[in-house]
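Read through the structure below, which is laid out as structure tokens, and then see the notes.
Sequence lines set the chain letters: A, B, ... in the order given, protein chains first and strands last, and positions in each chain run from 1.
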There are 2 protein chains.
Amino acid sequence: MKPRINTMGELSVAIGVSRPTLSRFFQDPSRVKAATVKRIEEGLERVEYVPNFFATRMNRKSTDIIGVIIPYLNDLFFNKLLESIEFAAMEAGMTVITLCSHSDPAIEARAAETFMSMNVDGAVVMPLGDHSDQKVHFRLKSRLPFVLVDSRPNTMPNVDYVGTNHVQSTGLITEYLCRVGAPPVFLAMPRGTNFNALERENAYILKSKELGFAPEIIGTEMLQDNWHFEDHGEAALGAEFAQGRLMDRSILCANDRVAVGAIRAAARHGLVPGSSTKGGLRIAGHDENPLCPYLNPALTTVAQNTDAIGKKAVSRLLQIIRGNVEDDTPEITLFDGYLKLRESA
Amino acid sequence: MKPRINTMGELSVAIGVSRPTLSRFFQDPSRVKAATVKRIEEGLERVEYVPNFFATRMNRKSTDIIGVIIPYLNDLFFNKLLESIEFAAMEAGMTVITLCSHSDPAIEARAAETFMSMNVDGAVVMPLGDHSDQKVHFRLKSRLPFVLVDSRPNTMPNVDYVGTNHVQSTGLITEYLCRVGAPPVFLAMPRGTNFNALERENAYILKSKELGFAPEIIGTEMLQDNWHFEDHGEAALGAEFAQGRLMDRSILCANDRVAVGAIRAAARHGLVPGSSTKGGLRIAGHDENPLCPYLNPALTTVAQNTDAIGKKAVSRLLQIIRGNVEDDTPEITLFDGYLKLRESA
DNA sequence: TCCTCCCTTTTACACGTGTAAAGCGTGCCG
DNA sequence: CGGCACGCTTTACACGTGTAAAAGGGAGGA
């Protein structure tokens, strides 16, 4: 076992280089002459030393940390977004610390406090649908560079935001469904749960006017008492099928998890949604949840460009952090969705 | 806006309470007289102050942080495990910091260094199947309380470990499949990728000897060049179906993600695996991935007790941290799996 | 009125590293 | 050989909080 060394001071006597030089070395080796770098690196080979994370961050003007808040862990879509954010931040040399709200506004609030107490350089927040405490977001915004991602309360128009253009994305899939069959019915989320679902619903109505068909919307009420989107989709569409309705229609779901439930409802009624069957049931979703290709039938959907969203969120944050902003006008960036045609529609 | 205060020193003059008393208050209000607590709390109402996370952790003997390493983000099973760990740690008053390996041993190694530099009280690691650099785990183990979770290299028998008893769990589903139909074929993972899959394969062979049938194993070779377990399952079973084989057998898959692919392969060949069809194709998995109930058909599987595993990992870690261990014998805890009977088998 | 106990304040030092300023040694150039 | 620039060392102070020891103050009891 190598001898263990706890402080930079001990290390400096152990390898015969002054402490300030070591400090510069650990921050950026190029600030130290090559020969000295070699001597330090050889010394580190013979010894067990790790600089103290807290001590280093306490004194730097910048902590090089980006805090990310994710709403819950049981949804691969958010994990994909998180992955994209983490890679973008890694590339920029930032350390990412992720905290999860676990569907609880109180936990989200605590996470925000933790980030403030850490003096993170900036924060990326994916909110809890309608359930976030907006005071928490305002507080974060007032204290540090802050970007909202994925969804946005309509009461916060003055915050940097990166997301999907739901008018475009929902319009795209609506047009597609009209092109290959009868105009779709919209399977919504219950009221008061999810900004994105409501935006898509409105985009669907808009597109229906443009194309000249009468919008039909189901699933606006909560039939289930739990919070699983899949169960909501299954219950809402199942109720229609039970009355013999909609069995040969196109169903556009507010998101993929609702669509998963819709497909289950179809299976229970002996129906197989599909693009190949002429004039039959079709089901489409929204988001491109990673499990879409593996469903039976594989789910046709509109992909959100999670890669672009994550990259943009990080680059915008860095722009604010580094002060490369002429004015403090918040920037709203919306990426287009793109069709993912599979078996279900 | 409330006036912003940056240090405990400023706060102490602002509300007229000495700094050491404030320090005690923030660590544990019960160590301060009730009247003083009230005065401090009233003061905090009028002022904007957050204690510095780094400064507090630097000087305490204990950082109250548990570090968790998760192998990748695109698998809900690990997220479920993480959720259980986070709740258990939260209940114990610990802060959890999670870092993701993103399938890359180098990133995993960096995460381990980060935890060591943070002086976390302990670390929970879910390894990268066969791909973790074991030196990293040994290094962590030598420096701090350390528990391995979910999977374990056979070269690390002397480390605390919490997981599932695969002999029991695989035996259970094997027995079930034998009870309701012909003895199952085992759909394995390619060699050199996954300790758990191999353990289950061995458990299957063991049980086949006990029940007196000849084990049949497919999928030990990698047909796909990518790393998606689902694609492996689809390719391996699809190759059998293409030859007209196994179309009326029970298929026991090494895990649920492989089973997802197996179900896809069945669908492509016009087969519907199911428990209801007499003598027909059956497909079963292992793990109870959260998406199992939403597949078509819903996947029969053996659930790992993720809740118990997460709780035990945290409680064992706390036991080591608090020194409540008589000797340093590593503790191996294996929980039983339990059947989740659904449509597919 | 005095004593005692409890909680607070005061004072001082500690944690491990960042960072600025001044002094020193070395090698290069003319 | 003298001068200069560069990079290192030395020295000193800073960050924000933990923590220990000693001194102070107020309430309660005798």
Side-chain angles (χ1 to χ4, degrees), chain A residues 4-44 47-65 95 113-114 116-121 143, chain B residues 4-41 43-44 47-65 95 113-121 143:
Chain A
R4 178 155 163 192
I5 284 188
N6 289 313
T7 78
M8 223 179 246
E10 296 172 28
L11 183 66
S12 92
V13 311
I15 66 183
V17 174
S18 75
R19 195 175 66 71
T21 300
L22 289 176
S23 174
R24 292 205 309 279
F25 168 82
F26 281 111
Q27 290 177 59
D28 181 4
S30 76
R31 287 170 55 196
V32 172
K33 213 209 309 184
T36 313
V37 167
K38 185 153 172 269
R39 194 144 55 93
I40 295 174
E41 282 171 347
E42 284 170 359
L44 287 174
V47 138
E48 165 89 9
Y49 168 74
V50 181
N52 182 305
F53 188 88
F54 299 138
T56 61
R57 313 290 158 154
M58 193 168 63
N59 290 335
R60 284 209 261 263
K61 47 268 138 212
S62 166
T63 55
D64 287 353
I65 298 175
T95 299
E113 294 296 319
T114 301
M116 294 187 301
S117 80
M118 282 182 177
N119 287 320
V120 297
D121 286 352
R143 282 188 134 251
Chain B
R4 178 153 163 194
I5 283 187
N6 289 313
T7 77
M8 222 178 246
E10 297 172 26
L11 183 65
S12 91
V13 312
I15 67 182
V17 174
S18 76
R19 196 176 64 73
T21 301
L22 289 176
S23 175
R24 292 205 310 280
F25 168 82
F26 282 111
Q27 291 177 61
D28 180 5
S30 75
R31 286 170 56 196
V32 172
K33 211 208 311 182
T36 312
V37 167
K38 186 154 171 267
R39 196 143 55 94
I40 295 174
E41 283 172 345
L44 287 174
V47 140
E48 165 89 8
Y49 169 74
V50 181
N52 182 306
F53 188 88
F54 299 139
T56 59
R57 312 290 158 155
M58 193 169 64
N59 290 335
R60 285 209 260 263
K61 48 265 132 215
S62 165
T63 55
D64 287 354
I65 297 175
T95 299
E113 294 298 319
T114 301
F115 285 150
M116 293 187 301
S117 80
M118 281 183 178
N119 287 320
V120 297
D121 287 352
R143 283 188 133 251

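- The interatomic distance linking A/M58 (CE) with D/dG16 (P) rounds to 8 Å, in whole Å.
- The separation between A/N119 atom CG and C/dG18 atom C1' is 15 Å, rounded to whole Å.
- To the nearest 0.5 angstrom, B/F25 atom CZ is 10.5 Å from B/T36 atom OG1.
- Judged by distance alone, the side chain of B/R57 and the main-chain N or O of B/T63 form a donor-acceptor pair under 3.5 Å.
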Can you name the atoms? Protein N/O to nucleotides 4-9 of chain D N/O, anything below 3.5 Å, with the distance.
| unit_1 | atom_1 | unit_2 | atom_2 | d |
| --- | --- | --- | --- | --- |
| D/dC8 | OP1 | A/K33 | N | 2.7 |
| D/dC8 | OP1 | A/T36 | OG1 | 2.8 |
| D/dC8 | OP2 | A/R24 | NH2 | 3.4 |
| D/dT9 | OP1 | A/S18 | N | 3.2 |
| D/dT9 | OP2 | A/S18 | N | 3.0 |
| D/dT9 | OP2 | A/S18 | OG | 2.6 |
| D/dT9 | OP2 | A/T21 | OG1 | 2.7 |

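- Across every non-hydrogen atom of B/S62 and B/D121, the tightest pair is OG-OD2, 2.7 Å.
- Among the heavy atoms of the strands lying under 4.0 Å from A/S23 is at least one base atom, whether or not backbone atoms are also near.
- Taking atom CG of residue A/N59 and atom C1' of nucleotide D/dC15, one finds them 4 Å apart after rounding to whole Å.
- What separates CZ of B/F25 from P of D/dG18 is a distance of 12 Å, to the nearest Å.
- The two residues A/T7 and A/Y49 make their nearest non-hydrogen contact at C-CE1, 3.7 Å.
- Spacing between atom CG of A/N6 and atom C1' of C/dA14 amounts to 15 Å, rounded to whole angstrom units.
- B/V17 and B/S12 get closest at one heavy-atom pair: O-CB, 2.8 Å.
- For the residue pair B/S117 and B/T114, the shortest heavy atom distance occurs at OG-O, 3.0 Å.
- Distance, B/L11 CG to D/dG16 C1': 13 Å, rounded to whole Å.
- At distances below 3.5 Å, not a single donor-acceptor pair connects side-chain atoms of A/R19 with backbone N or O atoms of A/M8.
- Across the protein-nucleic acid pair, A/M8 atom CE and C/dC15 atom P stand 16 Å apart, rounded to whole Å.
- For A/I5 against A/A14, the heavy-atom pair with the smallest separation is CD1-CB, 3.6 Å.
- One atom, CD1 of B/I5, and another, P of D/dG16, lie 13 Å apart when rounded to the nearest Å.
- For DNA chain C, none of the residues of residues 48-57 of chain B falls under the heavy-atom distance limit of 4.0 Å.
- In terms of heavy atoms, B/P29 sits closest to B/V37 at O-CG2, 3.5 Å.
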